[in-house]
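Just below is one structure, and these are the notes that go with it.
Atoms considered below: every heavy atom in the structure, side chains included; atoms not considered: hydrogens, waters and symmetry mates.
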Amino acid sequence: MSGHYNLKALIKAIRSCKTLADERAVIQKESAAIRTSFKEEDSYARHNNIAKLLYIHMLGYPAHFGQIECLKLVASPRFSDKRLGYLGIMLLLDENQEVLTLVTNSLKNDMNHSNMYAVGLALCTFANISSEEMSRDLCNEIEKLLGSSNTYIRKKAALCALRVIRRVPDLMDHFIQKAKSLLQDRNHGVLLAGITLVTEMCEIDESICDEFRKGTGLLVKHLKNLVSTGFSPEHDVGGITDPFLQVKILRLLRLLGRGDATASETMNDILAQVATNTESTKNVGNAILYEAVLTVLEIEADSGLRVMAINILGKFLTNRDNNIRYVALNTLNKVVAMDTNAVQRHRNTILDCLRDGDISIRRRALELSYALVNESNVQIMTRELLSFLEVADNEFKLGMTTQICLGAERFAPNKRWQIDTVLRVLKLAGNYVREEILSAFIRLVCHTPELQFYTAQRLYAALSADLSQDSLTLAAIWVIGEFSDVLLQGGTIDDGEEVKQVTDSDLVDLFETVLNSPYANNLIRQFVLVAAAKLSARLAEMPSASTATQQDRLAVLIANFSSSLELEIQQRAVEFGSLLTLSDIKGGVLERMPPPEIRATIMGTVSERKPVGTTRTDKDTVVDLIGDDLSAPTPQAASSGPSTQDLLADIFGSSSMDTVASAPTPGAPSRSANDDIMSLFGGSSSTASAASPPPAAAPANNSLFDLVSPSASTAAPVPAQQAHQAPPPAAAKAQLQSYPAYDKHGLKITLTPRVSPTQPGVVQILARFTASESVETVNLQVAVPKTQQLQMQAMSNQNVAGGATETQQMRVLAPAGAQIRLRMRISFVKDGQNVTDQQDFSGFPADLTVAK
């Protein structure tokens, strides 16, 4: 079987094939002929066959059977055979092949060859296929060749040393001294390979950097020569002398200057010279400038040099090349926290990138825009982001709505502006708003009674105009249902705008319109059901002929839900229908919810105590967002509902007592079932506990409208004072003992524990407050150790008259046998003076939590 005469004939035969089957037949026939020929000891035929076999390999056909023949060619004294043999080894072998062990001896012999080109072939092969074992075997040969007088060999030996330290980092010590000598070489090729080797060493082991920091001056000298050298035909690329070497030097300087002030000082001047003198009209110059910028930003550079680097990135943003703009935006994203003011100077250019046709550039510009928002520019930046939100791709909208609302939440000059911003977001992209953002908006409205009419009016108008935005619909329905009485009473808006008075019939019409809308889904229907029940209860408090008519319409609307295919909605509709006929309890069940507690979400903490209509940002009145330390509330803020995060940061510090609770709003039910509605938006219950409820507590139904179901824990709320002052059973009364916990400034607090025999570990504690003189705004906040959990109810009356006694209930769940320990913070006003005190208490018996 004879094959084609030579490689040229084989290529011609394969190209003449008309089908893949013909090509496969030619390859199979030729491979068979090559295998037969390998049995003969003809060196010329072997050279020819290996050449054809490598071509077959490049076409994707198997050629592994030629590996041994490649080794035979390498052993040939002829240079042409060695070259082809080493090429075959590099193509047909890799470091995992067992045959590779046979190559080691050939490489070692050729590394000591008298012909530098044969040495070069061996070094080139080693750098491509060497394994860990081969690296250890030939390490000494590589080290010796690094000191060769031949620049061609030194350059290739440096690249082989790079392969060795990547495979076996333990051998790095062999090359440190030789690498230092390479940095002194005048040949650009050797210097480039040597700097690459040193850079790899420094990246693998930072301690090696100390060995080379002494050479910083030498590197600076090399770079200065490259920058100041005129036209050099041998190394010129686009009018710049050896840009590849300049980039390598800058990368090594970045490693040597990181965290070292002395080395950084040495390179400051040359970096400024590179940044100033490098031509930026061509891509070659931009590559050098980019590396110079990265070096300046990572070393201990002067502030002026950092500003210059950021200005170079700002100039990149005006480049017409998309790649350069993308790189600039990506880098600015990483350094914006380092020098925000310098980046702010390029804010307009960054905002222009939001209109770029490239989606990747728009994405990076958006990320950078979020990072630039601060108190001084929040209104300008938000306006630009809202403008972009109108035309943004849908994939951007979810992130944009979140970031805009969080920026407004953190830096808003006043609550009116913040509410307007969120309303604008809901109008533009209501279908792309996270649940946490909606929850924060609801909490903000609840904590801003001054703007509840304004917000309800705006939401009513927005929903009347557009029913297609889900989040807008949910927010509007919830706010209108909760604050319909405020909306119906009317009011004025500060800017003098005329507001159309909303009537009860308008609200009912809106509910019906929403339900008949094609955009209505089950969640919206659930919200409308609750809002209709709440509105009916509000109208009952404003009796008139008109309200009676609207109540009948609402009753019909609720009754229509009783045939809903959704079992949950159907059940609640029936329960609401029954509840609305019970005039004595419907007002309590459907009363307005107390403002939910400020709470941390995955986004951050809502700044609900920012004053309305002011730009004041006193740390005592603003709860900051995302990663910042939470400031302590003022006594006035604390009395209205401080957050548990504030207490942890301010009262208890780094103490191990991290389960904290404070009392809910006075007069609210201890666990009202309408808290469940707030759970839709992530709000917490009015018991304001940072810990989860104890297992012994009555389980709360997590159903959507768990208002009047028999499983609800409280169908008809009991007045708080009555509940708190209820005496213990007569049989247990004699066993109860009071323990003094606090007695200062005319205020005395005693704690009376009570343990249930059937619930070991659950301790009911009744706190009694007595005062020799009247004190006002009494607020008790308590923390327990990590192993215990705490719940608190509202105080019967926060104003304690002289000689009177007020009470407050709390409940502690502790492991059986554990000592109950409380850390209390007491604040009150006496004679017009604010008094704040802290007291630790552990006076209960040690076996209190053990079942008797």
side-chain contact (heavy atoms from CB on, under 4.5 Å) against [X], all qualifying residues, sequence neighbours excluded:
{"X": "Ser484", "result": "Leu507, Leu535, Arg538"}
{"X": "Asn377", "result": "Gln344, Arg347, Val373, Asn374, Met381"}
{"X": "Asp420", "result": "Arg416, Leu423, Tyr454"}
{"X": "Thr401", "result": "Leu389, Val425, Ala429, Val433"}

Residues in side chain to side chain donor-acceptor pair (under 3.5 Å) contact with Tyr460, at least two apart in sequence or another chain: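 Scan of Tyr460 (side chain to side chain donor-acceptor pair (under 3.5 Å), adjacent residues dropped) gives none.
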Not counting sequence neighbours, which residues clear side chain to side chain donor-acceptor pair (under 3.5 Å) with Thr752? List them please.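 Partners of Thr752 under the side chain to side chain donor-acceptor pair (under 3.5 Å) test: Ser738, Arg768.
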Test log, rule side chain to side chain contact (heavy atoms under 4.5 Å, CB included), inputs Met810 and Gln791: CA-CA 6 Å; Met810 63 185 87; Gln791 285 184 316; over 6 Å; no
Should [X] and [Y] count as side-chain neighbours, where that means a heavy-atom distance under 4.5 Å?
{"X": "Cys446", "Y": "Phe483", "answer": "yes"}
{"X": "Leu451", "Y": "Arg458", "answer": "no"}
{"X": "Gln789", "Y": "Arg811", "answer": "no"}
{"X": "Val530", "Y": "Ile477", "answer": "no"}
{"X": "Ile749", "Y": "Ile826", "answer": "yes"}
{"X": "Leu579", "Y": "Val589", "answer": "yes"}
{"X": "Trp417", "Y": "Thr382", "answer": "yes"}
{"X": "Arg821", "Y": "Asp840", "answer": "no"}

Taking [X] for the side chain and [Y] for the main chain, is one N or O donor matched with an acceptor at less than 3.5 Å?
{"X": "Lys534", "Y": "Glu591", "answer": "yes"}
{"X": "Gln819", "Y": "Ser842", "answer": "yes"}
{"X": "Glu776", "Y": "Val829", "answer": "no"}
{"X": "His447", "Y": "Ile442", "answer": "no"}
{"X": "Thr421", "Y": "Ala408", "answer": "no"}
{"X": "Thr448", "Y": "Leu444", "answer": "yes"}

Which heavy atom of [X] sits nearest to which heavy atom of [Y], and what is that distance?
{"X": "Met795", "Y": "Gln808", "result": "CB-OE1, 3.9 Å"}
{"X": "Thr787", "Y": "Pro815", "result": "O-CD, 3.4 Å"}
{"X": "Ser774", "Y": "Ala801", "result": "OG-CA, 3.7 Å"}
{"X": "Pro753", "Y": "Val763", "result": "CB-CG1, 4.0 Å"}
{"X": "Asp831", "Y": "Glu773", "result": "OD2-OE1, 4.3 Å"}
{"X": "Glu806", "Y": "Ser796", "result": "OE1-OG, 2.7 Å"}

Checking Asp743 now: which residues fulfil salt bridge (charged side-chain N to carboxylate O under 4.0 Å, His left out) with it, not counting sequence neighbours?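 Applying salt bridge (charged side-chain N to carboxylate O under 4.0 Å, His left out) to Asp743 gives none.
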Is Arg825 salt-bridged to Asp837, cutoff N-O under 4.0 Å?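 Here Arg825 does not pair with Asp837 in a salt bridge, since their nearest N and O are not under 4.0 Å apart.
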Step through the shown structure and confirm whether more than 12 heavy atoms of other residues, nucleotides or ligands are within 6.0 Å of NZ on Lys830.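 Yes, the 6.0 Å shell around NZ holds more than 12 heavy atoms from other groups.
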What's the spacing between [X] [atom1] and [Y] [atom2] if we round to 0.5 Å?
{"X": "Gln452", "Y": "Ile419", "atom1": "CD", "atom2": "CD1", "value": "9.0 Å"}
{"X": "Leu580", "Y": "Ile585", "atom1": "CG", "atom2": "CD1", "value": "10.5 Å"}
{"X": "Met792", "Y": "Ile765", "atom1": "CE", "atom2": "CD1", "value": "9.5 Å"}
{"X": "Gln781", "Y": "Ser827", "atom1": "CD", "atom2": "OG", "value": "6.0 Å"}
{"X": "Thr402", "Y": "Glu436", "atom1": "OG1", "atom2": "CD", "value": "8.0 Å"}
{"X": "Leu780", "Y": "Tyr742", "atom1": "CG", "atom2": "OH", "value": "10.5 Å"}

Write out all pairs satisfying ring pair (Phe, Tyr, Trp, His ring centres under 6.0 Å) with one or both partners inside residues 790-818, taking only residues at least two apart or from two chains.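 Qualifying pairs, neighbours excluded: none.
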Would you mind listing every ring pair (Phe, Tyr, Trp, His ring centres under 6.0 Å) that reaches into residues 763-814, with sequence neighbours excluded?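 Passing the test, one end in residues 763-814: no pairs.
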Can you name the ring pair (Phe, Tyr, Trp, His ring centres under 6.0 Å) partners of Phe841, sequence neighbours left out?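 Scan of Phe841 (ring pair (Phe, Tyr, Trp, His ring centres under 6.0 Å), adjacent residues dropped) gives Phe844.
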Would you check, one step at a time, whether the test side chain to side chain contact (heavy atoms under 4.5 Å, CB included) holds for Gln838 with Met824? CA-CA 6 Å; Gln838 184 171 312; Met824 304 182 296; over 6 Å; no
Can you check side chain to side chain contact (heavy atoms under 4.5 Å, CB included) on Val755 and Val762, steps first, answer last? CA-CA 6 Å; Val755 182; Val762 178; over 6 Å; no
Any donor-acceptor N or O pair under 3.5 Å, side chains Thr777, Gln798: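 Their side chains do not contain a donor-acceptor pair, so the 3.5 Å distance test is not met.
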Please step through side chain to side chain contact (heavy atoms under 4.5 Å, CB included) for the pair Trp478 and Phe441, ending with a clear verdict. CA-CA 11 Å; Trp478 195 95; Phe441 176 65; over 6 Å; no
